[in-house]
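Within every chain, numbering begins at 1; the chains are lettered A, B, ... in the order of the sequence lines, protein sequences first and strands thereafter.
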Amino acid sequence: MTEPFHSLDRRIQKWVFKQGWSNLRQIQNDAIPPILAGNQDVIISASTASGKTEAFFLPACSSTIDEKDGYSILYISPLKALINDQYRRLESLSVITDINVTPWHGDVAQSLKTKSKRNPSGIVLITPESLESLLIRNSGWVQRSFSSLKYIVIDEFHAFIGTARGQHLLSLLNRLEALLQEIEEPIPRVALSATLGNLNEIPGVLRQNSRMPCSIIKESKSNSQIRFGIQGYIDPVNNDQKIPAFHRICTDLFSLCRGGSHLIFANSRKRTESISAQLSDMCEQEVVPNEFFPHHGSLDKSLREALEARLQKDNLPTTAVCTMTLELGIDIGKVDSVIQVTAPHSVASLRQRLGRSGRRNTPSTLRMLISEKELHADSSIGDKLRIELLQSIAMTRLLIIKKWYEPADLGSFHFSTLLHQVLALIAQWGGIRADQIYNSLCKEGCFNNVTVEQFKELLHHMGQQDLLTQISGGQLVLGLKGEYLTNSYNFYTVFKTPQEFRVIARDKTLGTLPVDTLILEGQHIIFSGKRWRVESINTDNKTIIVSPSKGGDPPQFNGNGMLVHDTVRQEMFDIYKSGSYKIPIGSSEVDYLDSTAKSLFNEGLEFFQEALLHERRIIQHNDYVYIVSWMGDKIVNTIATMLIKLNYKVSIFSGIIEIEKTNLETVSNSLFELCSNNQLTNSDLALSVREKRIEKYDDFIPESLLNIGYGQNYFDVERAREWLELHII
DNA sequence: GACCTGCTGCGGATTG
């Protein structure tokens with residue numbers, strides 16, 4: 001064992017030996033000195049299953065092992081399932097070291113929480129929402145029982161960064177630290193995370209005021225091998241004659257996956273259901289036991305857990321057809337291969353998915369199955385360019401050669417979450433002055449891009465809606481509406497969830513469907529990878545009763561789009577410009593496309609060259625004008641919305657802007673005028689967007705702030721103008 | 001043309 005190991009407490013060393021470990025991993029050794037020192041924040045950045053959790057807990061437990069009064073370690077996780085996993089893993093350590101471990105989330109028995117409340121000590125494993133409820137309802141107890149807190153550790157920190165829930169978490173950390181103010185030194189924050197695109201910016205996210213230095217511990221680059229390939233499919237226009245691409249994809253999936261252990265990522269719950277039902281049918285036709293199962297967020301927990309256990313046990317061949325639910329940190333072991341059907345949405349998520357495959361001594365395997373429409377006289381430019389295949393190729397190259405992935409977007413205002421935190425602070429203290437709220441949340445806190453004027457406007461608007469009211473002496477207290485919101489069971493989460501129906505078969509809950517899904521009695525549906533007939537729909541208790549049947553289609557689940565990054569579109573352009581998708585390794589080139597994908601690529605390339613797209617960004621076809629910018633969706637959205645403001649009829653397909661009933665000259669002149677207007681801002685553009693209420697409390701945000709927040713998230717006027725000046729004018 | 005996450009205290013019935 002190495003030098004750092006010997007600085008751990010003897011009881012911790014004993015536990016390590018009992019695990020049968022002959023050595024600590026590199027990140028575990030590296031983490032010991034800064035965590036034992038206890039005078040700095042630490043970011044541990046490494047892939048899934050690399051021993052990050054132990055890297056924190058070994059030194060942290062070592063230095064707090066004899067603390068018996070109050071909690072010493074606060075562990076925060078985005079998932080209840082992860083808390084349960086960690087609790088199991090810490091159990092043996094807690095037996096040897098006599099450190100209490102308390103899981104604390106909505107599913108944990110009240111009795112267990114009450115017991116820990118009477119005698120707080122050791123480690124608490126909690127969700128942000130449960131911590132919020134403790135701060136609002138029990139802040140006095142929190143102040144006492146966390147008064148000797150030594151560490152705050154956040155698991156899966158990458159899952160929080162840039163999101164409303166992440167902003168909530170940061171605000172909670174600041175509020176907790178403010179509550180424990182008698183402690184002179186701030187409490188070290190430790191973030192455990194998957195590798196991040198902009199790692200050097202993360203210390204500033206973890207703590208906004210830099211009151212503590214931050215060490216970054218990074219896993220050294222692995223030399224693991226990757227096998228990858230892309231298979232193309234042509235979806236025929238005339239379905240009577242030829243087999244649809246979907247069926248050929250399923251046939252190939254069946255032969256690729258049968259008998260092994262695989263994950264199929266299908267990008268939407270609807271497609272996940274279709275594919276898994278089709279593969280199950282094929283098992284039935286071949287008279288073999290079914291080994292294909294769906295996994296997504298609308299399926300009941302019991303079904304998902306059964307599948308996770310089956311994947312982990314490894315004794316039965318199992319393929320999960322899944323959404324991002326199997327991208328996260330839940331323990332399912334490693335699989336033989338990962339298959340992506342349709343183009344991935346981001347390189348970052350593709351990377352997480354790839355990390356799920358590759359057993360000991362075998363390379364990670366990634367396959368992509370991409371279908372494109374057969375061309376006809378009226379095919380769109382996007383189809384002619386074979387844009388989905390091109391995006392898949394670009395993402396593969398960015399992941400494998402350039403080792404690039406999207407950095408988190410850190411510029412959002414999060415007004416909805418700010419409003420939530422204003423209410424939470426007032427609820428926590430009973431009454432508090434406006435300047436105190438501003439200082440704690442904005443000036444010293446994580447909403448530091450919000451100005452005093454914007455904050456005043458928000459408070460004023462909240463007052464008008466009876467969310468809060470000012471009493472004599474200047475204190476703010478909750479208004480009637482504010483009382484109603486904060487007393488609701490639903491208040492502790494900052495993210496929005498739709499109303500849902502429960503789907504039940506033979507008294508067993510299969511999962512949930514959004515209330516606005518169009519489902520009728522007697523209809524046949526696919527759900528949970530099986531085929532059903534809808535027997536009855538009960539709107540009072542929000543249930544749908546189904547019975548087994550044949551046939552049916554999966555229901556439509558709703559969702560918002562996401563933004564493709566500039567770098568991905570630029571890579572797509574570079575590939576066509578250079579004319580080759582191959583990856584140079586040494587003096588040779590790796591080809592990873594099958595023959596269909598290759599001919600699809602050549603069709604797209606041919607159109608690119610014929611249309612002179614290597615030098616033209618704007619083209620005309622009949623009375624349509626197209627802008628092919630090869631830029632990310634923020635810039636595409638900005639240019640499209642600028643044109644909509646000038647009353648053009650505009651639509652966007654995969655980053656290509658289509659303008660109806662016009663000509664090149666007219667559009668170019670308009671764009672020139674737009675560029676000469678230096679006054680136009682992102683918020684001005686947001687004015688013409690109708691549906692801007694996206695986050696949970698957006699209904700209570702004044703229109704002006706809504707425009708600022710939306711503009712910041714979806715537009716970039718400055719860079720769009722730069723691009724237009726360079727390429728169009 | 002997407003996905004995911006989480007949440008209380010109390011009253012009343014039932015059981016040992």
Could you go over nucleotides 4-10 of chain B and give all protein N or O partners under 3.5 Å, atom names and distances?
residue : atom : partner  : partner atom : Å
B:dC4   : OP1  : A:Gly297 : N            : 2.4
B:dC4   : OP1  : A:Thr323 : OG1          : 3.0
B:dC4   : OP2  : A:Arg269 : NE           : 3.3
B:dC4   : OP2  : A:Arg269 : NH1          : 3.3
B:dT5   : OP1  : A:Arg304 : NH2          : 2.4
B:dT5   : O3'  : A:Pro78  : O            : 3.3
B:dT5   : O2   : A:Arg165 : NH1          : 3.3
B:dG6   : OP1  : A:Lys80  : N            : 2.4
B:dG6   : O3'  : A:Thr127 : OG1          : 3.3
B:dG6   : N2   : A:Asn490 : OD1          : 3.1
B:dG6   : N2   : A:Thr493 : OG1          : 3.3
B:dC7   : OP1  : A:Gly106 : N            : 3.2
B:dC7   : OP1  : A:Thr127 : OG1          : 2.5
B:dC7   : OP1  : A:Ser130 : OG           : 2.6
B:dC7   : OP2  : A:Gly106 : N            : 3.1
B:dC7   : O2   : A:Tyr489 : O            : 2.6

Do you know which two heavy atoms are closest between A:Leu253 and A:Ile264, and how far apart they sit?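 That closest heavy-atom pairing would be CD2-CD1, 3.8 Å.
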
Evaluate the ring planes of A:Phe146 and A:Tyr71, with Trp represented by its six-membered ring, and classify them as parallel (under 30°), tilted (30 to 60°) or perpendicular (over 60°). tilted

Could you check, using the six-membered ring where one of them is a Trp, whether A:His168 and A:Phe495 have ring centers closer than 6.0 angstrom? no

Tell me whether A:Lys649 is salt-bridged to A:Glu658, with the criterion being a basic N under 4.0 Å from an acidic carboxylate O. no

Determine, for A:Tyr405 and A:Arg351, whether the Lys NZ or Arg CZ falls below 6.0 Å from the six-membered ring centre while staying within 45 degrees of the axis. yes

Quickly work out the A:Glu406 CD to B:dC3 C1' distance and round it to whole Å.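 Checked: the CD to C1' distance equals 15 Å.
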
In this structure, how many angstroms lie between the C1' atom of B:dG1 and the CG atom of A:Asp633, rounded? 10 Å

Just to be sure I understand the rule, does A:Ser654 reach a base, reach only the sugar-phosphate, or reach nothing, if contact means heavy atoms closer than 4.0 Å?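 Base, at least one base atom sits under 4.0 Å.
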
